[in-house]
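This report refers to the structure that appears directly beneath it.
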Amino acid sequence: MTRGRFITFEGIDGAGKSTQIDVIESVLKARGIEVVRTREPGGTPLGEMIREKLLTVKMDPATETLLFFASRAEHIAQVIEPALARGAWVLSDRFTDATYAYQVGGRGFSAEKVEALEAWTHGNLQPDRTVLFDINPEEASKRLKGTRTLDRFEKENIEFFKRVRQAYLDRATQNPTRFFIVNSMRDKEQISDELRQEFTTWG
Ligand code: TYD
């Protein structure tokens, strides 16, 4: 059995990831591919419990980073690896790039410590493709307002999201073949068309 593909989706809150993941999921299913759609933090029963704490409880940045990796370790063991091994394609709404963007870029937590946790948790496993939805934080914040109650991360200020966005763009520069940057400041339909085109043939 050929191993599946691991595709991750990233971007600051309000970049419009979810709608576009739906589009990619249907393109891949139409190609006859088994798709496993999942998310971080979360993706497993224990991961969802950790998610609830991460989104609601104020905590030290070290605790926060460790909890993201705890959720990730469980996610890899229970969901991601088994799916890839049986040939399914995994679509994950966020993965380790989010820790570099939010905890290192946003909070100023140590990149070296995150690198060590990454190597320890999933050294050999990296996404095959990462779609980065790029948007300016002012626009993203306008889109988020009024939609629902904001969680602990979504309530951070514009300066925080500027750092997160820049950290994502830096990751993309460092990994140019893995990243596919989508300009999220356009019409939903335009973005869907671009992604349909890309994922009709990719992989
Ligand atoms: P997400 O599921 O994208 O939020 P929502 O369901 O509200 O669209 O992600 C939850 C939050 O967790 C998001 O604000 C980003 C943050 N996050 C980190 O700070 N570090 C991480 O490693 C991950 C995976 C997420």
Side-chain angles (χ1 to χ4, degrees), residues 6-22 24-25 37-76 78-80 90-111 113-122 125-127 130-135 137 139-171 182 184 188:
F6 183 26
I7 307 173
T8 59
F9 299 87
E10 300 284 356
I12 63 171
D13 294 275
K17 277 180 290 125
S18 313
T19 347
Q20 303 299 345
I21 303 175
D22 291 344
I24 296 173
E25 183 175 9
R37 172 126 175 219
T38 185
R39 68 168 179 183
E40 285 201 1
T44 63
L46 176 59
E48 293 295 325
M49 290 181 201
I50 298 174
R51 177 187 177 91
E52 197 267 323
K53 299 298 172 217
L54 277 165
L55 298 189
T56 55
V57 182
K58 189 169 172 355
M59 61 185 81
D60 186 84
T63 315
E64 185 176 286
T65 304
L66 288 165
L67 285 179
F68 277 114
F69 273 103
S71 162
R72 189 161 295 141
E74 193 67 12
H75 193 207
I76 293 166
Q78 305 297 334
V79 177
I80 301 176
V90 176
L91 306 186
S92 185
D93 187 341
R94 302 192 186 282
F95 193 62
T96 300
D97 292 306
T99 312
Y100 283 102
Y102 281 78
Q103 280 63 52
V104 177
R107 302 246 192 263
F109 189 72
S110 153
K113 285 182 180 157
V114 171
E115 278 162 19
L117 289 167
E118 176 186 20
W120 184 50
T121 313
H122 65 92
L125 174 75
Q126 291 294 335
T130 297
V131 180
L132 172 59
F133 295 93
D134 183 55
I135 187 170
E139 176 64 25
S141 142
K142 261 192 246 157
R143 290 188 189 180
L144 275 182
K145 273 194 191 116
T147 50
R148 58 193 153 84
T149 323
L150 300 184
D151 66 41
R152 199 164 69 83
F153 292 94
E154 291 163 342
K155 284 186 196 136
E156 289 287 345
N157 61 29
I158 291 284
E159 289 311 311
F160 176 86
F161 284 108
K162 283 186 182 162
R163 294 194 297 276
V164 175
R165 180 193 192 190
Q166 191 53 52
Y168 270 133
L169 291 170
D170 293 344
R171 299 279 298 161
V182 169
S184 261
K188 267 189 189 165

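Both ligands and their constituent atoms are indexed starting at 1 by order of listing. Fair warning: this is a prediction, and the values are worked out from it, not measured in the lab.
The side-chain contact (heavy atoms from CB on, under 4.5 Å) test with Leu132 singles out one residue from Leu169, Ile12, Val182, and that residue is Leu169.
Looking only at atom types and distance, the side chain of Asp13 has a donor-acceptor partner in the side chain of Tyr102 under 3.5 Å away. A donor-acceptor pair shorter than 3.5 Å cannot be found between the side chains of Arg171 and Thr130. With hydrogens and angles left out, the side-chain atoms of Glu118 and Gln126 include a donor and acceptor closer than 3.5 Å.
Of the charged side-chain nitrogens involved, none lies within less than 4.0 Å of a carboxylate oxygen, so that Arg163 and Glu159 do not count as a salt-bridged pair. Remark: Glu154 does not engage Lys145 in a salt bridge, criterion side-chain N to carboxylate O under 4.0 Å.
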For ligand 1, list all ligand N or O to protein N or O distances below 3.5 Å, rounded to 0.1 Å.
residue: ligand 1; atom: 2 (O); partner: Arg51; partner atom: NH1; Å: 3.2
residue: ligand 1; atom: 2 (O); partner: Arg51; partner atom: NH2; Å: 3.0
residue: ligand 1; atom: 3 (O); partner: Lys17; partner atom: NZ; Å: 3.0
residue: ligand 1; atom: 3 (O); partner: Arg94; partner atom: NE; Å: 2.6
residue: ligand 1; atom: 3 (O); partner: Arg94; partner atom: NH2; Å: 3.3
residue: ligand 1; atom: 6 (O); partner: Arg51; partner atom: NH2; Å: 2.8
residue: ligand 1; atom: 7 (O); partner: Asp151; partner atom: OD2; Å: 3.4
residue: ligand 1; atom: 7 (O); partner: Glu154; partner atom: OE2; Å: 2.9
residue: ligand 1; atom: 9 (O); partner: Arg94; partner atom: NE; Å: 3.2
residue: ligand 1; atom: 14 (O); partner: Asp13; partner atom: OD1; Å: 3.0
residue: ligand 1; atom: 14 (O); partner: Asp13; partner atom: OD2; Å: 3.0
residue: ligand 1; atom: 19 (O); partner: Gln103; partner atom: OE1; Å: 3.4
residue: ligand 1; atom: 19 (O); partner: Gln103; partner atom: NE2; Å: 3.0
residue: ligand 1; atom: 20 (N); partner: Gln103; partner atom: OE1; Å: 2.8
residue: ligand 1; atom: 22 (O); partner: Arg72; partner atom: NH2; Å: 3.1
residue: ligand 1; atom: 22 (O); partner: Thr99; partner atom: N; Å: 3.3
residue: ligand 1; atom: 22 (O); partner: Thr99; partner atom: OG1; Å: 2.6

